[in-house]
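Note that the numbering runs from 1 along the sequence shown for the chain.
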Amino acid sequence: VQLQAFGGGLVLPGGFRRLSCAASGRTFSMGWYRQAPGKQRELVATLTRAGNINYADSVKGRFTISRDIRANTVYLQMNSLEPEDTAVYYCTVLTWNMNRYWGQGTLVTVSS
């Protein structure tokens, strides 16, 4: 499975950004993790093919994950961004045989 993530960049605090990630193969779930400088990689949001969604508490109410099944693409709409959201965001998928794949990461910087 190959993943291509897009959408990172510099955003002002309070602003918004949309990330997208296209997968080449069939997947059980798709989602996003992030890694801030000096911190461990952490879950942001995941979405299964059945529509089950899981968000990190820190992004609930601000971020929305969605999926285009036909295009095998997952999106992350990020609103009300805060400097603490600055991180490299990684797209990830879990295949039906429970293998996990990671994209190359896209940097989101929230700063004035």
Side-chain angles (χ1 to χ4, degrees):
V1 176
Q2 292 184 326
L3 303 172
Q4 277 197 308
F6 301 95
L10 177 63
V11 188
L12 293 172
F16 61 91
R17 199 79 179 180
R18 190 191 197 207
L19 305 181
S20 63
C21 176
S24 62
R26 188 174 171 84
T27 60
F28 170 73
S29 72
M30 302 180 79
W32 298 91
Y33 280 64
R34 68 185 180 186
Q35 188 167 15
K39 295 188 177 181
Q40 290 188 330
R41 191 173 297 188
E42 63 176 5
L43 171 96
V44 177
T46 58
L47 170 59
T48 70
R49 198 171 184 88
N52 298 310
I53 295 176
N54 184 34
Y55 289 107
D57 288 342
S58 59
V59 306
K60 283 180 181 176
R62 300 188 299 121
F63 291 11
T64 302
I65 190 170
S66 61
R67 182 174 183 169
D68 183 335
I69 292 179
R70 288 186 181 179
N72 216 16
T73 299
V74 65
Y75 304 96
L76 185 68
Q77 178 66 42
M78 306 184 292
N79 297 330
S80 302
L81 282 162
E82 304 166 352
E84 293 72 24
D85 296 315
T86 295
V88 177
Y89 284 72
Y90 294 93
C91 175
T92 183
V93 301
L94 200 59
T95 61
W96 288 94
N97 57 359
M98 298 296 112
N99 289 324
R100 183 171 293 282
Y101 296 86
W102 297 93
Q104 80 281 11
T106 184
L107 176 63
V108 175
T109 302
V110 184
S111 175
S112 55

Name each donor-acceptor pair under 3.5 Å that joins a side chain in residues 59-66 to protein atoms two or more places apart or in another chain, with its distance.
from  : atom 1 : to    : atom 2 : distance (Å)
Lys60 : NZ     : Asp57 : OD1    : 3.1
Arg62 : NH1    : Ser80 : O      : 3.0
Arg62 : NH1    : Asp85 : OD2    : 2.7
Arg62 : NH2    : Ser58 : O      : 2.9
Arg62 : NH2    : Asp85 : OD1    : 3.0
Arg62 : NH2    : Asp85 : OD2    : 3.4

Please list, one pair per line, the donor and acceptor atoms closer than 3.5 Å that link side chains of residues 3-18 to other protein atoms, with sequence neighbours excluded.
from  : atom 1 : to   : atom 2 : distance (Å)
Arg17 : NE     : Gly7 : O      : 2.7
Arg17 : NH2    : Gly8 : O      : 2.9

Review item, side-chain donor-acceptor pairs of residues 96-103, under 3.5 Å, at least two apart:
from   : atom 1 : to    : atom 2 : distance (Å)
Trp96  : NE1    : Thr27 : O      : 3.3
Asn97  : OD1    : Thr95 : OG1    : 2.4
Asn97  : OD1    : Asn99 : ND2    : 3.3
Arg100 : NH1    : Thr92 : OG1    : 2.8

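With a 4.5 Å cut-off on side-chain heavy atoms, Leu47 and Met30 do not count as touching.
Listed by first then second residue, pairs satisfying disulfide bond (SG atoms under 2.5 Å apart) with a partner in residues 65-112 read Cys21-Cys91, not counting sequence neighbours. Sorted by first then second residue, the salt bridge (charged side-chain N to carboxylate O under 4.0 Å, His left out) pairs that include residues 87-97, not counting sequence neighbours, number zero. Residue pairs meeting the side-chain hydrogen bond (donor to acceptor under 3.5 Å, both in side chains) criterion with at least one member in residues 35-44, sequence neighbours excluded, are Arg34-Glu42.
A distance of 7.5 Å separates OH of Tyr55 from CG of Leu76, quoted to the nearest 0.5 Å.
Placement of Val74 and Leu107 in two distinct hydrophobic clusters is found when ILVMFWY residues are connected by side-chain heavy-atom separations under 4.5 Å, directly or transitively. If you chain together hydrophobic residues whose side chains sit under 4.5 Å apart, Met78 and Tyr33 never meet in one group. Val110 and Tyr90 sit in two unconnected hydrophobic clusters of ILVMFWY residues. Membership requires side-chain heavy atoms under 4.5 Å apart, directly or through other members. Both Ile53 and Trp32 belong to a single network of hydrophobic side chains, linked directly or stepwise wherever heavy atoms of I, L, V, M, F, W or Y lie under 4.5 Å apart.
Considering only residues two or more places apart in sequence or on other chains, Asn72 meets the side chain to side chain donor-acceptor pair (under 3.5 Å) condition with none of them. With sequence neighbours excluded, no residue satisfies side chain to side chain donor-acceptor pair (under 3.5 Å) with Glu82. A search for side chain to side chain donor-acceptor pair (under 3.5 Å) contacts involving Asp68 returns nothing, not counting sequence neighbours. Ser24 pairs by the side-chain contact (heavy atoms from CB on, under 4.5 Å) definition with Val1, Gln2, not counting sequence neighbours.
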